[in-house]
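When a residue number appears, it is its place in the shown sequence, counting from 1.
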Amino acid sequence: MKTSYTVCGICEQACGLKVTAENNTVIKIEPDKDNAYSWRDYCIKGAKSHLALNHPKRITKPMKRVGDRYVETSYEEAIRDISSRLNRIIDNHGANAVGSYTGNPNGFNFGGALFFSMFLDAIGTENRFWVASVDQNALHVVSENLYGNPWVSLQPDIDHCDYYLLIGTNPQISGMCWIGYSPDGWKRILARKEAGAELVVVDPRKTECAVKASQHIAPLPESDWALLLAIIKIIFDNGWDKAPAQYLDGLATLKQLAQSADLPSLSQLCDIPQDTIQSLAEQFAKAPRAMAIGRTGVSQGRNGVLALWLVQALNLITNRVEQEGGIYYAAGILDFLKAGDALFPPSDAISRLRGNKNIAGSHSIAELPDEITTPGEGQIRALIMNSGNPVISGPDGGKLDAALSQLECFIVIDHFQRESHRHADWLIPGDHFLERTDINPLLQALSPTPRAQMSRAAVELPNGMRYEWEFLRDLAIAMNKPFVIGKKWLNPVVKASMKLATWTGNKNYGFSPLWLSRLLIRSEGRFKWKDIQNAQHGIGDLNTRPEFGALFEKVTTSNGKVNIAPPPFIELLKKRLKENPEDTSAYPLQLIGRRRMKMMNSWSVETSMTGMKDHEMSGDTIEINITDGEKLGIIDGQTVTVSSATNRLQAKAKLSKDIRSGVAVMEHGWGYRTFDPKTGEGSYNGGVNRNILVSNTDLDPLSRVPRLNGTRVKVMSVMEA
Ligand SMILES: Nc1nc2c(c(=O)[nH]1)N[C@H]1C(S)=C(S)[C@@H](COP(=O)(O)OP(=O)(O)OC[C@H]3O[C@@H](n4cnc5c(=O)[nH]c(N)nc54)[C@H](O)[C@@H]3O)O[C@H]1N2
Ligand SMILES: Nc1nc2c(c(=O)[nH]1)N[C@H]1C(S)=C(S)[C@@H](COP(=O)(O)OP(=O)(O)OC[C@H]3O[C@@H](n4cnc5c(=O)[nH]c(N)nc54)[C@H](O)[C@@H]3O)O[C@H]1N2
Ligand code: SF4
Ligand SMILES: [Mo]
């Protein structure tokens with residue numbers, strides 16, 4: 001029996017786990033209750049995660065496509081074939097002919113993420129796409145414009161707040177995490193509420209969180225900007241603002257614009273009564289300590305940037321930034337901004353066809369299909385898809401699937417072959433967090449208070465399998481590409497470390513993710529490496545008092561001040577204020593999403609839902625408001641057709657009083673196959689893929705995020721359709 005204390009690698013909450021293994025097989029996963037920092041968010045996804053390890057469909061050897069089947073090969077053969085194919089494409093068509101897509105789980109795998117980024121730097125492609133374009137890009141755009149760096153992410157001071165304004169987030173299910181993680185955050189907010197704090201949840205659905213709030217405000221989807229602008233206007237009109245003007249640029253512009261806006265029109269746009277907005281504004285401005293937080297509910301719509309900007313603006317003008325009970329920049333195990341710039345240097349890459357500048361280093365997944373199918377210089381001919389399932393989790397999956405089938409060379413790195421991978425030429429095994437010994441200093445840097453926790457492998461890799469980072473290292477070497485790291489100065493250090501490992505015969509000295517995290521953590525000096533190594537249960541204390549004030553020193557805009565009124569935001573805001581409301585006649589409802597505890601986006605179904613019956617999973621339901629349903633003549637439980645300008649599907653209707661009128665709700669992540677690559681057999685995970693309804697051209701113009709929340713749809717009974 002072996003007990004390992006490690007960190008769950010499924011979601012940002014990175015819970016401490018106690019893992020028991022016997023004969024290199026995990027038999028039990030429990031929360032590590034001695035882990036002071038994280039374990040309270042432990043959930044069934046972590047508890048059953050080991051079921052992926054020996055899953056019959058898991059990819060444990062490189063697999064090569066032969067006809068419509070895959071055969072297992074050696075790494076040597078995989079690397080020989082892939083390196084020569086990629087080099088041929090690069091030699092003939094340039095580095096940009098090789099594209100990449102990086103999915104969400106890559107962010108929880110420090111070695112995998114770092115070496116993938118270094119590999120892409122080594123081959124020199126600018127055609128990089130990643131999951132942030134269906135998730136957090138709006139925040140990157142806001143941070144870049146306001147603070148000068150797309151990676152600025154402010155953390156909430158959860159325990160000292162008197163007024164919480166939560167917009168587009170449902171932490172009871174999703175956890176208090178988004179480019180940062182507040183351990184046990186939702187329960188800590190509820191404890192503050194018990195002690196008298198006000199809790200306002202803004203969400204078109206009466207969510208698990210909304211029912212526990214003191215107030216639930218249900219605006220129309222994609223209209224939060226109007227609600228926020230109205231609140232800001234009222235605050236300025238009444239002179240309740242107390243912005244730290246010395247740190248801000250553009251305050252007068254914002255004030256002028258907000259004050260000139262028309263309150264009745266704003267109220268109509270978000271469909272929230274004026275007096276409700278009036279009292280929200282007054283309460284927020286007058287609360288001793290307050291915070292407004294906006295998350296994916298707003299970032300995944302056509303006005304994500306506007307909404308997240310106005311969230312920040314509201315916090316700034318009421319002096320809630322770098323203040324107790326507000327939001328603040330937290331440097332923990334390392335300074336994320338410094339480390340991020342060194343490891344993932346900024347890029348000026350412009351997308352070939354739509355001419356968009358990259359956001360935080362990558363283009364929007366919405367642009368990928370055309371980049372593959374449109375001939376010309378820079379056309380993507382080869383793609384490496386690492387830890388992603390964008391045919392399901394991204395917009396207009398059918399279009400992406402068709403494009404993927406046209407690639408000359410398609411390489412997938414994953415645990416399983418899912419729908420997005422069905423055209424792959426090569427399937428390369430992905431390592432599992434239960435097999436890793438490392439530390440993810442980047443993720444842990446995004447903690448409100450300092451924290452450090454090593455992951456320790458509970459089991460070894462399957463026989464002969466390599467870590468993802470080893471595969472990428474070996475591939476770069478075989479391709480004869482310079483394996484450098486963002487900042488050139490690291491090169492000699494890397495070489496010296498590899499020599500030292502050879503001389504001493506001690507592998508630990510060699511260049512590896514662990515080596516690099518040690519270097520980063522040591523250079524920062526907040527934690528001693530030895531202490532981290534010795535701390536089985538991690539280091540971190542929820543009761544640490546936050547340190548405030550760092551943000552304003554970190555601002556890297558041209559004049560060092562926070563730009564509270566960036567011109568592109570002002571321009572879009574003015575446009576939205578003037579434009580006619582969207583035509584709702586053809587598609588009267590707006591589709592939004594919801595998550596469930598047992599699922600991580602489109603995956604983990606194969607582990608956390610084992611033993612469940614199809615009907616218990618029900619990823620085929622569309623929830624609509626009872627009155628809307630009655631008007632449409634739809635009865636509870638009946639099959640309906642849901643159509644958008646992009647596509648149509650069938651789902652089961654559920655009439656609900658918890659959904660506001662004008663809105664429909666469907667979970668994402670359903671309706672796809674996981675294949676057994678050896679036999680080619682693919683079994684459905686149940687339900688339908690609602691993201692086929694989402695257009696890949698109708699985007700937030702600033703973040704290029706599709707309308708995963710907000711797509712216009714029509715729901716009809718099947719007989720009518
Ligand atoms: N409608 C709608 N769509 C959404 C969302 C929504 O709220 N509504 N949410 C969006 C959000 S927030 C996100 S983050 C995206 C996610 O979008 P993606 O990241 O593209 O897709 P996932 O569904 O998370 O699939 C992740 C894949 O990674 C694999 N994987 C897991 N662990 C590892 C590992 O350690 N190594 C390797 N190599 N592979 C691994 C899994 O097997 C799976 O195939 O979906 C987005 N899509
Ligand atoms: N169990 C579980 N946990 C997860 C995940 C998972 O898939 N499953 N995914 C993880 C990932 S990758 C992420 S990014 C985080 C996301 O974490 P959150 O950002 O908290 O995401 P959600 O829980 O989807 O909450 C979004 C809420 O926004 C609401 N909403 C939709 N449209 C609008 C709108 O226009 N305005 C407003 N105000 N609200 C709107 C939805 O009804 C929903 O309740 O969760 C993480 N945690
Ligand atoms: S999946 Fe569950 S156990 Fe794993 S980190 Fe997230 S909340 Fe914790
Ligand atoms: Mo996400």
Side-chain angles (χ1 to χ4, degrees), residues 7-8 10-17 31-33 35-43 45-46 108 135-136 139 153-203 207-214 216 287 289-299 308 311 315 320-321 323-330 332-333 336 443-451 453 538 540-548 595-597 600:
V7 180
C8 179
I10 296 176
C11 84
E12 234 168 319
Q13 298 173 86
C15 298
L17 301 180
D32 170 15
K33 294 207 173 187
N35 186 310
Y37 202 77
S38 68
W39 62 268
R40 295 166 193 81
D41 289 307
Y42 170 84
C43 78
K45 298 188 291 303
F108 310 126
D135 181 351
Q136 69 207 33
L139 185 78
S153 174
L154 303 181
Q155 309 302 329
D157 177 18
I158 290 267
D159 295 323
H160 308 108
C161 178
D162 305 299
Y163 195 98
Y164 302 85
L165 184 58
L166 304 185
I167 308 171
T169 179
N170 188 23
Q172 179 159 324
I173 301 301
S174 303
M176 203 65 203
C177 61
W178 198 53
I179 333 177
Y181 162 53
S182 303
D184 210 19
W186 175 238
K187 289 200 201 105
R188 289 157 71 191
I189 291 178
L190 290 178
R192 288 288 307 153
K193 185 184 166 238
E194 279 297 294
E198 187 74 7
L199 170 57
V200 184
V201 169
V202 181
D203 199 307
T207 58
E208 294 78 352
C209 287
V211 292
K212 295 189 177 152
S214 9
H216 171 215
R289 298 169 298 183
M291 66 172 79
I293 289 183
R295 291 197 163 156
T296 60
V298 287
S299 74
L308 290 184
V311 165
N315 284 312
R320 310 303 187 179
V321 179
Q323 295 291 330
E324 189 176 88
I327 53 174
Y328 64 105
Y329 180 80
I333 186 166
F336 192 89
L443 201 60
Q444 292 181 20
L446 292 170
S447 305
T449 52
R451 160 203 197 186
Q453 160 98 58
D541 180 355
L542 290 191
N543 298 318
T544 312
R545 204 89 191 161
E547 295 164 19
F548 300 112
R595 293 169 201 274
R596 67 166 75 190
M597 192 47 109
M600 180 65 185

Considering all heavy atoms of both residues, which atom of [X] and which atom of [Y] are nearest to each other, and what is their separation?
| X | Y | answer |
| --- | --- | --- |
| Leu154 | Val321 | CD1-CG1, 4.1 Å |
| Gly180 | Glu12 | N-OE2, 2.8 Å |
| Cys15 | Asp41 | SG-C, 3.5 Å |
| Ala330 | Ser447 | CB-O, 3.5 Å |
| Met176 | Gln13 | N-OE1, 4.2 Å |
| Val202 | Leu165 | CG2-CD1, 3.9 Å |

Once rounded to the nearest 0.5 Å, what's the spacing between atom [atom1] of [X] and atom [atom2] of [Y]?
| X | Y | atom1 | atom2 | value |
| --- | --- | --- | --- | --- |
| Ile173 | Cys43 | CD1 | SG | 10.0 Å |
| Leu139 | Ile179 | CG | CD1 | 4.5 Å |
| Ser182 | Lys187 | OG | NZ | 13.5 Å |
| Arg295 | Asp135 | CZ | CG | 11.0 Å |
| Ser174 | Arg596 | OG | CZ | 13.0 Å |
| Met291 | Arg320 | CE | CZ | 10.5 Å |

Answer whether the closest heavy-atom distance between the side chains of [X] and [Y] falls below 4.5 Å.
| X | Y | value |
| --- | --- | --- |
| Pro31 | Arg40 | no |
| Ile189 | Ile158 | yes |
| Met597 | Lys45 | yes |
| Leu166 | Cys209 | no |
| Arg192 | Asp162 | yes |
| Gln323 | Phe548 | no |
| Val298 | Leu308 | yes |
| Gln155 | Pro546 | no |

> With sequence neighbours left out, which residue pairs that include part of residues 162-186 fulfil the ring-ring contact (aromatic ring centres under 6.0 Å, His included) condition?
Replying inline: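 As it turns out, the ring-ring contact (aromatic ring centres under 6.0 Å, His included) pairs with a partner in residues 162-186, which skip direct neighbours, are Tyr163-Phe284.
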Checking [X] now: which residues fulfil side chain to side chain donor-acceptor pair (under 3.5 Å) with it, not counting sequence neighbours?
| X | value |
| --- | --- |
| Lys212 | Gln172 |
| Arg595 | Asn601 |
| Glu208 | Asn170, Arg205, Arg594 |

>> Let's go through Tyr37 and Leu542 carefully: what are the C-alpha distance in whole Å and the side-chain angles of both, what is the deciding distance for side chain to side chain contact (heavy atoms under 4.5 Å, CB included) to 0.1 Å, and is it a yes or a no?
In response: CA-CA 6 Å; Tyr37 202 77; Leu542 290 191; 4.0 Å; yes
Is a side-chain donor or acceptor of [X] paired with a backbone partner of [Y] at a separation under 3.5 angstrom?
| X | Y | result |
| --- | --- | --- |
| Trp39 | Gly16 | no |
| Arg451 | Gly540 | no |
| Thr296 | Ser299 | no |
| Tyr328 | Pro448 | yes |
| His216 | Val211 | no |

>> Using the rule given for side chain to side chain contact (heavy atoms under 4.5 Å, CB included), can you reason through Gln136 versus Ser153, listing the C-alpha separation, both sets of side-chain angles and the distance that settles it, and then say yes or no?
In response: CA-CA 11 Å; Gln136 69 207 33; Ser153 174; over 6 Å; no
>> Going by the rule ring-ring contact (aromatic ring centres under 6.0 Å, His included), which residues pair with Phe108 if we only count those two or more places apart in sequence or in a different chain?
In response: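 Counting only residues at least two positions away or on another chain, Phe108 forms no ring-ring contact (aromatic ring centres under 6.0 Å, His included).
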> Got a sec, which residues hit side-chain contact (heavy atoms from CB on, under 4.5 Å) with Ala213, two or more places apart in sequence or on another chain?
Replying inline: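 Per chain and number, Ala213 pairs via side-chain contact (heavy atoms from CB on, under 4.5 Å) with Leu199, Val201.
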